[in-house]
Amino acid sequence: MKRILILALATVFGTSFSWSQSLESIKTVVMLGQMDKAKTDFDKAAANPKFMGKAEAYLLKTAIYAGLSMTDQNRNTANGNALVTEADAAFEKYKTLEPEMAKFGEESIYQNGPINIYSNYYNQGLASYNEKKWNEAIPTLKKAISYSDFLIGKKLLPFTLDTNLLILTGVVGERAKNDEVTLSVYLKLASAGVSGPDFEGIYQYLVRSAFQKKDLATFEKIKTQGAGLYPNSDFFKLDRLDFAVGLVDDFNDKLQALNEVIASEPDNYKAHELRWAIIYDTLNSYEEGAVKPSNATELENVMLASMKKCSVIKPQEVKNFLFLGAYYVGRKEAANEARIKFADELQRKTKPGTKALPADIAKRDQLDKDYYQSLEPILDPYLSAAAIYSGKSQLDAREKQQYKNIAGYLAEIYETKKKRAPKDKPAEIAKWTAEEKKWNDVYESIK
């Protein structure tokens, strides 16, 4: 019985000594820089399951395979990339077998392993970048970042932030249109507060992305940070309304963004101003082949509501009344053109000595009515604008011309009202006559 026990112990110690002797001899070869021989010896030893049953065996494999991947013969080759893939897998296996990573911290020979893996993946990503293979570069750059974070944590890299790697990955992510990758690295750079002329685009990307995701808290935070780092940049002076209109090209998307702001901030002057402006440009497009939207009437009502709201929010801002009045003048001109055109047609098709058809007379009368009704909306905004101009002690050349134009329109409207007043109402005629004279006098007084 005693002899059996002695034999068993001898077997255990013999196996342990054999494993340790093999590992140490391979480590010696590695330290001598004979990496090809080290791989041959390691692969031979790895055929023994007991050898690979130890965590340190995977750490040794990491060092050998990663080192070989970065030799002049293997770097940036398919063989080198295959070697680093095995080295990476071996290092991951080591970490599961020895989570505390004691052996890694004890022996410097092993620390070169993840450093070489990091370098290899970085080089692979850079090569793909140079070849404009954006999607191909992403996996290897993500691997490089993972090892970079690990090595920085272990103080095995001479910096606390791998700025160049992160920027390279962000640029690749942008060009691959991979927002997830780009955000992950740009947020890391922004959190570190990197600055300088080359880094402004990082903060601009993050601001745009946050706005598009409707993450207004992050939008404001990064925009404020960017403004602090780049005080002379106009980009960070833009507000969310500028982004709402500027980041999308489609009219409906712009309008929806502005409607959302107005729904939550009904007195937001800029939102109303932008809303009526984009609707106005759409309804009055000069682009060739432009067609009015099918909901033009609905849009016009929204536009007029915002125009009027602007004049209420800022009653001393003359441009609000000018634009509103000018829009109504445009409608008046269109109504007048329509009635003149029909009157000409009616005259041509009605034979001398005959009466026009009842339907034609009704249409003519309706067009005349539409025209006279189109004059009324012009009065309020132009009277308000005129009051602002008359209250100014001095007007520049542009303001004088605007004031004169307004006075001319007002005189014309009151002249029309005078002519259409019933003959049996002299007080009304006198009222409109006085108004006509008043605005003609204002017109003549503006030099």
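Being a predicted model, the structure only gives us computed values, none of them experimental.
- K438 NZ to L410 CG: the interatomic distance, rounded to the nearest 0.5 Å, is 8.5 Å.
- Donor-acceptor pairing under 3.5 Å is lacking for the side chains of N252 and Q256.
- S146 places no side-chain N or O within 3.5 Å of a backbone atom of K142 that could act as its donor or acceptor partner.
- By the 4.0 Å N-to-carboxylate-O rule, K103 lies too far from E98 to be salt-bridged with it.
- Heavy-atom minimum distance, A335 versus S374: CB-OG, 4.1 Å.
- A distance-only check finds a donor-acceptor pair linking the side chain of N74 to the backbone of L68 [under 3.5 Å].
- No donor-acceptor distance shorter than 3.5 angstrom exists from the side chain of N295 to the backbone of E298, with no hydrogens or angles considered.
- A salt bridge links K27 with E24: at least one charged nitrogen is closer than 4.0 Å to a carboxylate oxygen.
- With hydrogens and angles ignored, the 3.5 Å screen pairs a side-chain donor or acceptor of N320 with a backbone N or O of C310.
- From I446, atom CD1 reaches atom OG of S390 across 10.0 Å, with rounding to the nearest 0.5 Å.
- No side-chain donor-acceptor contact under 3.5 Å links K133 to the backbone of N130.
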Could you go through the side chain to side chain contact (heavy atoms under 4.5 Å, CB included) check for Y328 and L379 one step at a time? CA-CA 9 Å; Y328 284 128; L379 287 173; over 6 Å; no

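- The ring of F219 has its center closer than 6.0 angstrom to the ring center of F211.
- In this structure a side-chain-to-backbone donor-acceptor pair under 3.5 Å is missing from T71 to G67.
- Counting all heavy atoms, side chain and backbone alike, A386 lies closest to W439 at CB-CH2, 3.6 Å.
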Between K188 and D149, is a side chain to side chain contact (heavy atoms under 4.5 Å, CB included) present by the stated rule, with each step listed? CA-CA 11 Å; K188 186 178 290 190; D149 290 343; 3.0 Å; yes

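- The number of heavy-atom neighbours closer than 6.0 Å to CD of E337, taken from other residues, nucleotides and ligands shown, is 12 or below.
- Contact of the E260 side chain with the K214 side chain is registered, since non-hydrogen atoms from C-beta on lie closer than 4.5 Å.
- Separation of the F243 and F235 ring centroids falls under the 6.0 Å cut-off.
- The distance from atom CD1 of I313 to atom NE2 of H272, rounded to the nearest 0.5 Å, is 5.0 Å.
- Between Y389 and Y403, the ring planes are tilted. Angles from 30° to 60° get that label.
- Remark: R175 fails to qualify as a cation-pi partner of Y129 under the 6.0 Å distance and 45° angle criteria applied to the six-membered ring.
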Derivation of the side-chain hydrogen bond (donor to acceptor under 3.5 Å, both in side chains) call for Y205 and D179: CA-CA 10 Å; Y205 184 96; D179 188 55; 2.6 Å; yes

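- Closest non-hydrogen pair, T62 versus A87, comes out as OG1-O, 3.5 Å.
- S306 places no side-chain N or O within donor-acceptor distance of the main-chain N or O of M303, the cut-off being under 3.5 Å.
- The two residues A271 and L241 come nearest to each other via the heavy atoms N-CD1, 3.4 Å.
- Under the 4.0 Å criterion applied to side-chain N and carboxylate O atoms, D239 and K223 are not assigned as salt-bridge partners.
- The closest side-chain heavy-atom distance from I222 to Q225 is below 4.5 Å.
- Taking the side chain as every heavy atom from C-beta outward, I279 and E300 never approach each other to under 4.5 Å.
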Could you walk me through whether L229 and F236 satisfy the side chain to side chain contact (heavy atoms under 4.5 Å, CB included) test, starting with their C-alpha distance in whole Å, then the side-chain angles of each, then the deciding distance to 0.1 Å, before giving a yes or no? CA-CA 10 Å; L229 294 172; F236 300 107; over 6 Å; no

Start with the C-alpha gap between D88 and Y147, add the side-chain angles, then the distance that decides, and say whether side-chain hydrogen bond (donor to acceptor under 3.5 Å, both in side chains) holds. CA-CA 10 Å; D88 173 46; Y147 275 93; 2.6 Å; yes

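- Ion pairing of K319 with E273 is present here, as a side-chain N (NZ or NE/NH1/NH2) and a carboxylate O approach within less than 4.0 Å.
- Few gaps surround CD on E106; more than 12 heavy atoms of other groups in view lie less than 6.0 Å from it.
- Few gaps surround NZ on K237; more than 12 heavy atoms of other groups in view lie less than 6.0 Å from it.
- With F150 as the aromatic partner, K95 meets the cation-pi criteria of under 6.0 angstrom to the ring centre and within 45 degrees of the ring axis.
- Taking CG of D281 as the start and CZ of F251 as the end, the distance is 9.5 Å to the nearest 0.5 Å.
- The number of heavy-atom neighbours closer than 6.0 Å to CD of E180, taken from other residues, nucleotides and ligands shown, is 12 or below.
- Around atom OH of Y269, more than 12 heavy atoms belonging to other residues, nucleotides or ligands sit under 6.0 Å away.
- In terms of heavy-atom proximity, V172 sits nearest to A137 at CG1-CB, 3.9 Å.
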Given Y118 and D162, is the side-chain hydrogen bond (donor to acceptor under 3.5 Å, both in side chains) satisfied, shown in steps? CA-CA 11 Å; Y118 156 76; D162 204 339; 2.7 Å; yes

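- Side-chain atoms of Y230 come within 3.5 Å of backbone atoms of E200 as a donor-acceptor pair (strictly under, hydrogens ignored).
- Heavy-atom neighbours of K221 NZ from other residues, nucleotides or ligands within 6.0 Å: at or below the threshold of 12.
- In this structure, the side chain of E399 engages the main chain of D396 through a donor-acceptor pair within 3.5 Å.
- Within 6.0 Å of NZ in K93 there are 12 or fewer heavy atoms belonging to other residues, nucleotides or ligands.
- Separating the CG atom in N112 from the CD atom in E107 is a distance of 12.5 Å, to the nearest 0.5 Å.
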Please evaluate residues E444 and N440 with respect to the criterion side-chain hydrogen bond (donor to acceptor under 3.5 Å, both in side chains), reporting the C-alpha separation (whole Å), side-chain torsions for both, the decisive distance (0.1 Å), and the verdict. CA-CA 6 Å; E444 295 297 334; N440 275 326; over 6 Å; no

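- Centroid-to-centroid, the aromatic rings of F323 and Y280 stay 6.0 Å apart or farther.
- Taking a 6.0 Å sphere around NZ of K213, one finds it holds more than 12 heavy atoms contributed by other residues, nucleotides or ligands.
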Which is it for Y65 and D43 under the side chain to side chain contact (heavy atoms under 4.5 Å, CB included) test, yes or no, and what are the steps along the way? CA-CA 11 Å; Y65 277 65; D43 291 344; 2.7 Å; yes

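- Taken to the nearest 0.5 Å, the CD atom of E86 stands 11.0 Å off from the OG atom of S69.
- Put simply, the side chain of S119 never gets that close to the backbone of N116: no donor and acceptor are under 3.5 Å apart.
- Between T297 and N301, the closest side-chain pair of non-hydrogen atoms falls below 4.5 Å.
- Residues I278 and K254 come closest through the heavy atom pair CD1-CB, 3.9 Å.
- Taking 4.5 Å as the limit, every side-chain heavy atom of L141 sits out of range of all side-chain heavy atoms of Y121.
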